[in-house]
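See structure below.
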Amino acid sequence: MSRVQLALNVDDLTSSVAFYSALFGVEPAKVRPGYANFAVAEPPLKLVLIENPGHGGSVNHLGVEVESVDAVDDLQRRLAASGLASRDERDTTCCYAKQDKFWVESTPDGERWEVYTVLADSATFSAEPTTVAAETCCA
């Protein structure tokens, strides 16, 4: 199953988790320092909250979560055939998960879209130590 991902910057993770839990009627699938994600079944959505004080209420990035590395590869080939450029990030750690993904680089309005699959859980937000989550893989 594929689903759209919406990654939001939030000022306060605790209040945002409470709000989105009420809005979608589900608890987060993962909560870590400065980070939470929800796997919402209806509508199919991966909602990611990244604590980024002073930037709350803004979109961090958009994405599509797919089931497998093959699905990542298939989508990247299809987009390339349509003339859309992308940037690979394979075997990377982001958002407390080991991932294979690519970023669509040629959006008309500069939105950030990632297409990814989760390979495994991770104890760290990214491979690089950081004090603010949004300064690494998702920024």
Worksheet item: Could you give all pairs that pass the salt bridge (charged side-chain N to carboxylate O under 4.0 Å, His left out) test and reach residues 115-126, with sequence neighbours left out?
Response: K30-D121, R32-D121
Worksheet entry | salt bridge (charged side-chain N to carboxylate O under 4.0 Å, His left out) contacts touching residues 1-26 (sequence neighbours left out) | R3-E65
Worksheet item: Does a side-chain N-to-carboxylate-O contact under 4.0 Å join E89 and R87?
Response: yes
Worksheet entry | Salt bridge flag under 4.0 Å for residues D91 and K101 | no
Flag the pair [X] / [Y] as yes when at least one side-chain heavy-atom distance between them is below 4.5 Å, and no otherwise.
X	Y	result
W113	Q5	no
L79	F102	yes
N52	V10	no
D88	Q76	yes
R112	V104	no
E111	H61	no
Y35	C95	yes
L49	F38	yes

Taking a hydrophobic cluster as the set of Ile, Leu, Val, Met, Phe, Trp and Tyr residues connected by side-chain heavy atoms closer than 4.5 Å, whether directly or through intermediates, do [X] and [Y] fall within one such cluster?
X	Y	value
V40	L6	yes
V69	V66	no
L45	L62	yes
L84	V115	yes

Measure the spacing between [atom1] of [X] and [atom2] of [Y] and express it to the nearest 0.5 Å.
X	Y	atom1	atom2	value
T14	E51	OG1	CD	7.0 Å
T117	K98	OG1	NZ	14.0 Å
L8	L47	CG	CG	5.5 Å
H55	I50	NE2	CD1	12.0 Å

Could you list the donor-acceptor pairs under 3.5 angstrom formed between side-chain atoms of residues 18-29 and any protein atom two or more places apart in sequence or on another chain?
{"residue": "S21", "atom": "OG", "partner": "V17", "partner atom": "O", "Å": "2.8"}
{"residue": "S21", "atom": "OG", "partner": "V26", "partner atom": "O", "Å": "3.4"}

Discussion item. Give me the atom names and distance for the closest heavy-atom approach of T93 to T124.
Written reply: CG2-O, 3.7 Å
Discussion item. Under the criterion side-chain contact (heavy atoms from CB on, under 4.5 Å), I'd like the reasoning laid out for V72 against R90: C-alpha separation, chi angles, the key distance, then a yes or no.
Written reply: CA-CA 10 Å; V72 170; R90 302 302 172 120; 3.7 Å; yes
